[in-house]
Amino acid sequence: MTEPLEQSNPYALTLSSLGWGQGVVCLVCQNCDWQFLVGTANKPQDCPHCHTNQLEKYQDEDFSKMEDFIKPPELYLPFSFPQEQLNEKIQNFAKNIPFAPDDLRLDNLQTRLQKIYLPMWLVDSHVSATWQSECGYYYQVKSHQEKYSGGRWQTQEVIETRTRWEPRLGRLGRSYQNIAAPALEEHRRLMGALGNYEYKKAQPVTPQSLLQDSVQPPLVNIPSRDKDDAWPDTLPRFQEQAMEESRQACAANQIREFRWKPEFSNQNWTLFLLPMWSSYYLDDENKPQSILVNGQSGQMSGTRRASMKKAKKISLSIFIAALIAFALTVVVGLISLSVQDLAVIAGIGIMISLIIALAAIYPIVTAWNVNRDR
Ligand SMILES: [Zn+2]
């Protein structure tokens with residue numbers, strides 16, 4: 001007897017057993033390797049990151065290899081930037097590009113608008129450490145200054161604040177919560193485009209409420225950096241907190257030269273999501289140009305590309321107008337051989353033709369200038 005080949009693996013770790021519930025799928029872009037989780041009811045067709053490929057369903061039913069990367073998030077920042085202001089921003093972006101490509105239209109940008117949640121790692125860890133540092137204590141010094149005013153010398157009391165530095169050392173045993181670290185390879189570039197997020201406004205979230213949005217269903221981006229890659233980025237954050245607590249423990253006003261030997265234990269890794277809108281338009285070469293908007297602050301960033309084709313067309317029309325003006329001038333010039341008074345008009349005609357011919361350069365130069373600033 002032969003076993004059927006297609007048999008579902010009873011040990012498979014499915015999205016629903018990871019806590020995502022029913023009706024969630026994992027989609028992959030073969031071009032840029034970005035991976036997303038999304039509600040099945042609202043699957044997007046195109047990759048909202050590179051915009052050049054169709055998203056495909058992740059083939060395997062078993063997510064055990066990706067388990068750490070697709071655990072439901074602990075915290076998120078909701079999309080809080082008002083929709084009307086977003087529309088206004090997109091409109092201004094489209095309006096402010098001279099000789100814009102035909103595809104760069106408000107309605108196109110709006111229909112391609114996609115909500116994406118970008119992941120960050122959050123680490124909890126217990127830390128035991130010995131530390132040493134210099135703690136600064138403020139003290140005030142009274143001195144006297146002589147000042148000449150109103151025809152005589154006057155003595156003025158001056159109080160100055162100085163810092164007294166004292167060495168300190170200690171031992172620390174603490175648990176720190178929610179230390180954030182980038183979970184995407186492109187985190188730095190994305191944050192450069194999107195600006196800062198106010199982490200203080202983070203809220204707890206469930207997968208069900210996260211993906212519930214019938215108007216603009218969001219995609220949850222899956223981390224591309226693993227814990228080993230992200231761990232070194234958390235160390236300065238742990239140190240900042242330990243340093244601040246050591247300062248408080250010493251009742252010092254300032255702290256410097258902080259050195260410590262930390263040992264980390266009981267680590268717990270979860271995910272934190274940041275809101276972003278993405279959209280795009282096609283330039284002259286049909287290449288998608290991305291537009292990214294911070295879902296909290298509304299900071300927008302996009303490549304500005306003018307259409308050189310359009311600019312050249314307009315330049316050509318202006319140049320033809322110059323040629324027509326010149327041809328008329330030549331006619332007037334020929335007539336002026338018999339009618340002397342027309343000579344002045346012919347002269348003005350030549351000037352006007354020259355000015356129009358020069359103006360023909362303007363569209364090309366403007367478009368070139370826009371495309372040069374990347
Ligand atoms: Zn892609």
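Hydrogens, waters and symmetry mates are skipped; everything else that's a heavy atom, side chains included, is used.
At distances below 3.5 Å, not a single donor-acceptor pair connects side-chain atoms of Y281 with backbone N or O atoms of I291. With hydrogens and angles ignored, the 3.5 Å screen pairs a side-chain donor or acceptor of Y197 with a backbone N or O of P275.
At a threshold of 4.5 Å between non-hydrogen side-chain atoms, the residues W20 and L210 count as touching. The closest side-chain heavy-atom distance from V123 to R237 is not below 4.5 Å. Counting only heavy atoms from C-beta outward, the side chains of W277 and M300 never approach each other to under 4.5 Å. Within the 4.5 Å cutoff, the side chain of V127 has no heavy atoms near those of the Q241 side chain. Side-chain atoms of V38 and L211, non-hydrogen and from C-beta on, never get closer than 4.5 Å to each other. In this structure, the side chains of N221 and W34 come closer than 4.5 Å at one or more pairs of heavy atoms. Between P48 and L219 there is a side-chain heavy-atom pair separated by less than 4.5 Å. Looking at Y76 and Q203, their side chains come closer than 4.5 Å, going by heavy atoms from C-beta outward.
Neither L328 nor I355 shares a network with the other; the hydrophobic side chains, linked directly or stepwise wherever heavy atoms of I, L, V, M, F, W or Y lie under 4.5 Å apart, form separate groups for each. In the hydrophobic cluster analysis, where Ile, Leu, Val, Met, Phe, Trp and Tyr join through side-chain heavy atoms closer than 4.5 angstrom, V331 is grouped together with L342. Under the 4.5 Å side-chain heavy-atom criterion for grouping Ile, Leu, Val, Met, Phe, Trp and Tyr, I318 is not connected to I350 through any hydrophobic cluster. M276 and L75 fall within a single hydrophobic cluster, where Ile, Leu, Val, Met, Phe, Trp and Tyr side chains are chained together by heavy-atom contacts under 4.5 Å. Both F81 and L106 are part of a single hydrophobic cluster, where members link through side-chain heavy atoms under 4.5 Å apart.
Using a cut-off of 4.0 Å between Lys/Arg side-chain N and Asp/Glu carboxylate O, K261 and E263 are scored as not salt-bridged. Here R225 pairs with D233 in a salt bridge; the nearest charged N to carboxylate O distance falls below 4.0 Å. In this structure, R112 does not pair ionically with D46, as no charged nitrogen and carboxylate oxygen lie closer than 4.0 Å.
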Test side-chain contact (heavy atoms from CB on, under 4.5 Å) applied to M243 and W131, step by step: CA-CA 9 Å; M243 198 165 138; W131 60 269; over 6 Å; no
Criterion side-chain contact (heavy atoms from CB on, under 4.5 Å) on L113 and L109, from CA distance to verdict: CA-CA 6 Å; L113 212 54; L109 294 181; over 6 Å; no
Evaluation steps, ring-ring contact (aromatic ring centres under 6.0 Å, His included), between F326 and F319: CA-CA 10 Å; F326 184 71; F319 190 68; over 10 Å; no
Stepwise side-chain contact (heavy atoms from CB on, under 4.5 Å) check, D68 with D226: CA-CA 8 Å; D68 286 339; D226 63 18; over 6 Å; no
Steps toward side-chain contact (heavy atoms from CB on, under 4.5 Å) verdict (T234, W121): CA-CA 9 Å; T234 66; W121 288 113; over 6 Å; no
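E160 and S143 form no side-chain donor-acceptor contact under 3.5 Å, judged by distance and modelled atom types alone. Between the side chains of Q30 and N53, not a single donor N or O lies within less than 3.5 Å of an accepting N or O. Between Q248 and E244, the side chains place a donor N or O and an acceptor N or O closer than 3.5 Å (distance only, hydrogens not considered). In summary, the side chains of S133 and E257 do not present any donor paired with an acceptor at a separation below 3.5 Å, with no hydrogens or angles considered.
The aromatic rings of F238 and Y176 stand perpendicular to each other, their planes meeting at an angle above 60°, with 30° marking the opposite boundary. Under the 30°/60° scheme for interplanar angles, the aromatic rings of F264 and W260 are found to stand perpendicular.
More than 12 non-hydrogen atoms from other residues, nucleotides or ligands lie less than 6.0 angstrom from CG of N96. Under a cut-off of 6.0 angstrom, the local environment of CD in Q22 is sparse, with at most 12 non-hydrogen atoms contributed by other residues, nucleotides or ligands.
Considering CG of N196 and CD of Q299, their distance stands at 8.0 Å, rounded to 0.5 Å.
Here the closest heavy-atom approach between residue D229 and residue P232 is recorded as O-CD, 3.3 Å. Across T161 and Q140, no two heavy atoms sit closer than the pair OG1-NE2, 3.7 Å. For the residue pair A357 and A322, the shortest heavy atom distance occurs at N-CB, 3.6 Å.
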